[in-house]
Asker: 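Below: one structure in structure tokens.
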Amino acid sequence: METKILKTTENDINTAGEIIRAGGLVAFPTETVYGLGASAFDAAAAKKIYAAKGRPSDNPLIVHVCGVEQISEVAREIPADARRVMDAFMPGPVTIILKRNDIIPNTVTAGLDTVAIRCPDNDTARRFIKAAGVPVAAPSANLSGKPSPTKAEHVIKDMIGRIDAVICGGSCEVGVESTIVDFSSDVPVILRPGAVTRTDLEKIGVHALNDANILKEVSPDDVPKCPGTKYKHYAPDAQVIVVEGEKEAVQSKIKELLQECKGKITGVLAMYGAEYDDAVILSAGESNREYARNLFAALREFDELGADIVFAEFCERDGYGAAVKNRLYKAASHNVIHV
Ligand code: AMP
Ligand code: MG
């Protein structure tokens with residue numbers, strides 16, 4: 001299949017919208033990561049997403065709308081807490097899980113009675129969904145298991161020849177996927193941490209719990225509330241080892257570990273700006289916010305450079321800390337050294 005490379009011109013956005021209406025697949029930028037979209041009303045189109053990504057069929061998609069008013073089209077109930085989140089953080093990097101309407105096919109929700117809904121705060125994303133004229137079902141636009149794409153070139157690398165088009169819209173501002181909050185049972189539960197934090201939710205009177213699977217390793221036999229959490233994620237070719245703690249301790253530990261890696265191509269994802277011998281150093285930025293923006297691109301770059309082992313300096317510092325930690329631990333298959 002030929003993949004059209006589109007820009008953000010009105011003409012190209014309209015072409016993308018037509019492809020969606022015709023049952024095709026379009027990758028598009030959002031403020032979190034690039035999404036791979038199909039019509040949320042078209043079961044056959046949604047099925048193609050799973051095939052293009054190699055995604056397990058029990059891992060549901062997020063339905064993207066271009067305005068909060070569209071949410072009542074796809075959900076049958078909007079609890080008061082969900083309404084507060086919609087008012088305060090939508091459009092924005094948050095996904096809410098609600099009881100679904102029958103208009104959404106089983107392929108999109110992987111047979112669940114709930115639907116994940118997000119209204120992105122990215123001009124291109126919203127123009128595209130509007131042009132499509134239907135809500136757009138989309139997971140991240142990477143091959144299953146690989147780091148999520150934060151630049152159009154990542155999407156092209158993974159998806160060329162597998163999808164109908166990609167809209168190239170620059171780098172993603174947030175860099176990690178949306179916060180997912182489940183409102184389908186009595187107490188709201190954060191299933192995946194993101195840019196909208198638990199503290200942000202507290203401030204608007206939404207008292208959410210953290211899902212137990214956020215930081216632990218989930219076995220393939222588990223049945224977590226967020227089906228995505230049990231699959232291998234963000235896995236670069238290199239082995240990733242997280243070294244977590246304050247500057248001096250982290251740096252001396254990594255230096256010691258590098259000594260044991262002679263003959264291997266090593267990398268360091270640095271937040272403390274250190275000098276290491278014999279290692280490729282990529283900067284994660286100083287704040288966790290910058291870390292979120294740089295993480296997935298850096299993991300992909302280490303692969304391009306042929307790294308065998310990557311040591312990631314990490315320390316939880318700001319509101320993005322929980323989201324970065326969750327992705328980093330998964331990328332490292334929970335191989336974490338606390339110093
Ligand atoms: P991605 O955006 O690629 O991370 O994929 C969407 C994420 O949303 C996956 O982790 C899914 O498991 C999760 N998700 C989608 N729909 C639901 C739902 N109805 N209930 C719980 N999690 C969901
Ligand atoms: Mg994904």
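Computed from heavy atoms alone, side chains included, the values below leave out hydrogens, waters and symmetry copies. Just follow the structure's listing: the first ligand is 1, and inside any ligand the first atom is 1.
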Asker: Which bit of Arg192 gets closer than 4.0 Å to ligand 1, counting heavy atoms only: side chain, backbone, both or neither?
Answerer: side chain
Asker: I'd like to know whether ligand 1 has Thr109 as a neighbour, heavy-atom separation below 4.0 Å.
Answerer: no
Asker: Only heavy atoms of Ile62, strictly under 4.0 Å: list the atoms of ligand 1 that pass.
Answerer: 2 (O), 6 (C), 8 (O)
Asker: Atom 14 (N) of ligand 1: which protein heavy atom is closest, and how many Å away?
Answerer: Pro60 CG, 3.8 Å
Asker: Select one of side chain, backbone, both or neither to describe which atoms of Lys99 lie under 4.0 Å from any atom of ligand 1, heavy atoms only.
Answerer: neither
Asker: Looking at every heavy atom in both Ala125 and Asn122, which two are closest together, and how far apart are they?
Answerer: N-OD1, 2.9 Å
Asker: Test of understanding: given a 4.0 Å heavy-atom threshold, classify the contact between Ile180 and ligand 1 as side chain, backbone, both, or neither.
Answerer: side chain
Asker: Report, in ascending order of atom number, the atoms of ligand 1 lying under 4.0 Å from any heavy atom of Leu112.
Answerer: 18 (C), 19 (N), 20 (N)
Asker: Given that the side chain starts at C-beta and the backbone is N, CA, C, O, which of these parts of Leu61 lies under 4.0 Å from ligand 1, counting heavy atoms, or is it both or neither?
Answerer: backbone
Asker: Could you go through Phe28 and His64, starting from their C-alpha distance and side-chain angles, then the distance that decides it, and tell me whether this counts as ring pair (Phe, Tyr, Trp, His ring centres under 6.0 Å)?
Answerer: CA-CA 11 Å; Phe28 60 102; His64 292 69; 5.8 Å; yes
Asker: Pick from Asp308, Thr266, Asp278: which one makes a side chain to side chain contact (heavy atoms under 4.5 Å, CB included) with Cys261?
Answerer: Thr266
Asker: Apply ring pair (Phe, Tyr, Trp, His ring centres under 6.0 Å) to the pair Phe311 and Tyr276, showing each step before the final yes or no.
Answerer: CA-CA 11 Å; Phe311 298 104; Tyr276 296 99; 8.5 Å; no
Asker: Ignoring hydrogens, what is the shortest heavy-atom contact between Glu31 and Gly92? Give both atom names and the distance.
Answerer: OE2-C, 3.1 Å
Asker: Please identify which atoms of ligand 1 are closer than 4.0 Å to at least one heavy atom of Pro139.
Answerer: 2 (O), 3 (O)
Asker: Can you tell me the protein heavy atom closest to atom 18 (C) of ligand 1 and the distance?
Answerer: Ile97 CD1, 3.5 Å
Asker: For a ring-ring contact (aromatic ring centres under 6.0 Å, His included) with Tyr291, tell me which candidate from Phe314, Tyr272, Tyr320 qualifies.
Answerer: Phe314
Asker: Could you list which atoms of ligand 1 come closer than 4.0 Å to a heavy atom of Arg55?
Answerer: 3 (O), 5 (O), 6 (C), 9 (C)
Asker: Within a distance under 4.0 Å of any heavy atom of Leu191, pick out the atoms of ligand 1 and give their elements.
Answerer: 21 (C)
Asker: Between Asp158 and Arg300, is the closest basic N to carboxylate O distance under 4.0 Å?
Answerer: yes
Asker: Can you pull out the closest protein heavy atom to atom 21 (C) of ligand 1? Residue, atom name and distance to 0.1 Å, please.
Answerer: Lys225 O, 3.3 Å
Asker: Give the residue and atom name of whichever protein heavy atom lies nearest to atom 9 (C) of ligand 1, and the separation in Å to one decimal.
Answerer: Asn59 OD1, 3.4 Å
Asker: Identify which one of Ile96, Asp121, Val196 satisfies the side chain to side chain contact (heavy atoms under 4.5 Å, CB included) criterion when paired with Met90.
Answerer: Ile96
Asker: Under 4.0 Å, heavy-atom basis, I'd like to know which part of Thr114 is in contact with ligand 1: side chain, backbone, both or neither.
Answerer: both
Asker: Give the single entry among Ser144, Ser140, Ala141, Ser184 that approaches atom 2 (O) of ligand 1 most closely by any heavy atom.
Answerer: Ser140
Asker: Do the side chain of Arg317 and the main chain of Glu286 share a donor and acceptor less than 3.5 angstrom apart?
Answerer: yes
Asker: Any nitrogen or oxygen of Glu177, side chain or backbone, less than 3.5 Å from one on ligand 1?
Answerer: no
Asker: Looking at Pro147 and Leu299, what are the two nearest heavy atoms and their distance?
Answerer: CG-CB, 4.0 Å
Asker: Measure from the Mg ion (ligand 2) to each N, O or S atom of Asn142 and report whether any distance is below 2.8 Å.
Answerer: no
Asker: In terms of hydrophobic clustering (I, L, V, M, F, W, Y; side-chain heavy atoms under 4.5 Å; direct or indirect links), are Leu112 and Val108 co-clustered?
Answerer: no
